[in-house]
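See structure below.
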Amino acid sequence: DGRRGAVLEAMLEGWRGKRVLIVGDRGGLCAFLIAVLDEIGARPVCVSDRADAQTLCRALTAGRVSAAILPGEMTGRSLPERLEATLTLTQEVREAGVPLLLAMSDAAVYRGGGRMNEAGEIGGRTREGMEASILQTALLGAARGLMGDAVRTMLVRHAPVLGEDCAAWCDALLEGRTIRVRHPAARGVFVHPLDVVCCGLTLGARAFRSGEGGVYNIGTDERSVGTRQSAARRLAMRHGGAGTAQEETEDGEPPAQLLDGSAARRLCGAACRLDVDQALDLLFEQRRAARAGQEEAAIRRMTRTYLEGCRA
């Protein structure tokens with residue numbers, strides 16, 4: 001509809017021609033970030049989130065970098081080392097004069113249940129959530145100028161994108177095996193990376209225009225939520241599975257944390273487009289392409305189709 005077209009145009013206007021430094025590995029969410037930024041005319045480059053201060057400095061000052069994007073918390077270290085790396089990134093962004101630090105996170109940092117909004121108390125209910133809360137607090141401290149000149153920061157929280165379980169369903173279908181579903185009765189949140197990336201970049205474009213950062217959720221509405229059992233069965237039916245989804249019962253699956261994205265939707269129209277089945281079909285296409293050594297081309301093709309759908 002017209003709203004989608006307006007959102008796409010705002011994203012194009014915000015990012016076209018800008019040099020963007022992505023701090024993270026080139027796989028996963030980063031692969032879709034690169035593909036979308038390329039498609040909308042930005043100039044993305046990548047550096048590892050394990051890069052030292054000198055490497056970050058060189059990357060941030062090689063050309064005019066308009067934004068640094070951190071697609072997730074710093075990984076693979078002890079908490080003190082991850083915190084130090086986070087503070088190093090904010091310091092280098094500040095010293096390089098980069099206009100925007102866009103941080104994204106799928107960590108379950110909210111302490112409460114139900115549908116959480118940005119005013120909810122953070123701290124998490126697991127060690128991972130607690131550590132992510134500490135790292136995000138450091139980012140927001142830098143945004144408020146608590147550790148030197150303020151760094152304009154936008155923090156975007158989102159549900160985990162389609163993960164290892166969903167990839168295993170697709171691989172089972174491709175290999176002619178029966179899908180095995182853990183926690184079949186649990187409600188799952190099935191969000192595709194393209195939705196997360198485009199919502200995040202739409203919010204980032206708004207930050208360029210307004211000169212303001214902030215904290216926003218990418219909401220999980222009913223189109224992204226379904227029971228794991230029914231989602232796997234429908235996937236098998238659509239792609240000629242050798243058998244219907246076989247249930248594997250396990251106890252103790254925590255309820256999915258649902259995020260209220262109404263603030264982002266009101267601000268600039270950022271909202272997920274794909275439903276459960278559409279998200280899983282794209283993942284199936286990606287896994288099939290990866291087996292043929294064509295994953296990068298498939299991601300670019302999916303990205304182009306997704307953005308064309310935004311124009312319609």
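Heads up: numbering here begins at 1 and tracks the sequence. Reckoned from all heavy atoms, side chains included, excluding hydrogens, waters and symmetry mates.
In terms of hydrophobic clustering, with Ile, Leu, Val, Met, Phe, Trp and Tyr side chains grouped at heavy-atom distances under 4.5 Å, L37 and V93 are assigned to different clusters. L60 and L87 fall into different hydrophobic clusters, where Ile, Leu, Val, Met, Phe, Trp and Tyr residues are linked whenever their side-chain heavy atoms come under 4.5 Å apart, directly or through other members. The cluster map of Ile, Leu, Val, Met, Phe, Trp and Tyr, joined by side-chain heavy atoms under 4.5 Å apart, puts L56 and L100 in different clusters. Under a hydrophobic-cluster definition in which Ile, Leu, Val, Met, Phe, Trp and Tyr are linked whenever side-chain heavy atoms come within less than 4.5 Å, directly or via other members, V161 and V156 are assigned to the same cluster. Note: the hydrophobic cluster containing L201 also contains L267 (ILVMFWY, side chain heavy atoms under 4.5 Å, direct or indirect links).
Closest heavy-atom contact between W15 and A67: CZ3-CB, 3.8 Å. The two residues A35 and T303 have their closest heavy-atom pair at CB-OG1, 3.5 Å. Smallest separation of non-hydrogen atoms from A10 and A205: O-CB, 3.6 Å. The two residues V189 and A159 have their closest heavy-atom pair at CG1-CB, 3.6 Å. Smallest separation of non-hydrogen atoms from G200 and M104: CA-CE, 4.1 Å. The minimum heavy-atom distance between A150 and A143, with the atom names listed, is CB-O, 3.4 Å.
Shown here are the side chain to side chain donor-acceptor pair (under 3.5 Å) partners of E128, two or more places apart in sequence or in another chain: there are none. Listed by chain and residue number, nothing satisfies the side chain to side chain donor-acceptor pair (under 3.5 Å) test with T88 (two or more places apart in sequence, or in another chain). Not counting sequence neighbours, D106 has no partner by the salt bridge (charged side-chain N to carboxylate O under 4.0 Å, His left out) test. Taking Y306 as the reference, nothing meets the ring pair (Phe, Tyr, Trp, His ring centres under 6.0 Å) condition, with sequence neighbours excluded. Every residue was checked against the side chain to side chain donor-acceptor pair (under 3.5 Å) condition with D149, not counting sequence neighbours, and none meets it. Residues passing the ring pair (Phe, Tyr, Trp, His ring centres under 6.0 Å) test with W169, sequence neighbours excluded: none. Taking the side chain to side chain donor-acceptor pair (under 3.5 Å) definition, one finds that S105 meets it with E73, Q136, sequence neighbours left out.
Note that CG of L101 is 12.5 Å distant from CD of E92, once rounded to the nearest 0.5 Å. Taking SG of C272 as the reference point, atom CD1 of I218 lies at 6.0 Å (rounded to 0.5 Å). If you take CZ on R82 and OG1 on T86, they are separated by 7.5 Å, rounding to the nearest 0.5 Å. If you take CG on L139 and OG1 on T90, they are separated by 7.0 Å, rounding to the nearest 0.5 Å. Interatomic distance, CE of M154 versus CD1 of I69, reported as 11.5 Å (0.5 Å rounding). Atoms CE and CD, on M74 and E84 in that order, are 11.0 Å from each other to the nearest 0.5 Å.
You'll find the side chain of P44 reaches within 4.5 Å of the side chain of D38, heavy atoms only. Taking the side chain as every heavy atom from C-beta outward, R273 and C310 approach each other to under 4.5 Å. Counting heavy atoms from C-beta outward, L235 and D277 have side chains that stay 4.5 Å or more apart. Using a 4.5 Å cut-off on side-chain heavy atoms (C-beta onward), L307 and I40 make contact. The shortest distance between side-chain heavy atoms of R238 and L280 falls below 4.5 Å. Side-chain atoms of H192 and L162, non-hydrogen and from C-beta on, do get closer than 4.5 Å to each other. Residues V151 and V98 have side chains not in contact (no heavy-atom distance under 4.5 Å, counting atoms from C-beta outward). Taking the side chain as every heavy atom from C-beta outward, M11 and C198 approach each other to under 4.5 Å.
Between the side chain of N117 and the main chain of D260, no donor-acceptor pair closer than 3.5 Å is present. A donor-acceptor contact shorter than 3.5 Å links the side chain of R115 to the backbone of T220.
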Pairs of donor and acceptor atoms involving the side chains of residues 19-34, under 3.5 Å and at least two apart or interchain, shall be tabulated with distances.
{"from": "R19", "atom 1": "NE", "to": "A62", "atom 2": "O", "distance (Å)": "2.7"}
{"from": "R19", "atom 1": "NH2", "to": "A62", "atom 2": "O", "distance (Å)": "3.1"}

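Atom CD of E95 has more than 12 heavy atoms from other residues, nucleotides or ligands within 6.0 Å.
Grouped by direct or indirect side-chain proximity (heavy atoms under 4.5 Å, Ile/Leu/Val/Met/Phe/Trp/Tyr only), M116 sits with V109, Y110, I122, L259. L155 forms part of a hydrophobic cluster together with L140, V215, judged by ILVMFWY side-chain heavy-atom separations under 4.5 Å.
Identified under the side-chain hydrogen bond (donor to acceptor under 3.5 Å, both in side chains) test for residues 284-298, with sequence neighbours left out: D171-R287, E175-R291, E285-R301, Q286-E295. A ring pair (Phe, Tyr, Trp, His ring centres under 6.0 Å) check over residues 273-299, counting only residues at least two apart or in different chains, returns the pairs H239-F284.
A salt bridge does not link E39 to R300: none of the charged nitrogens lies less than 4.0 Å from a carboxylate oxygen.
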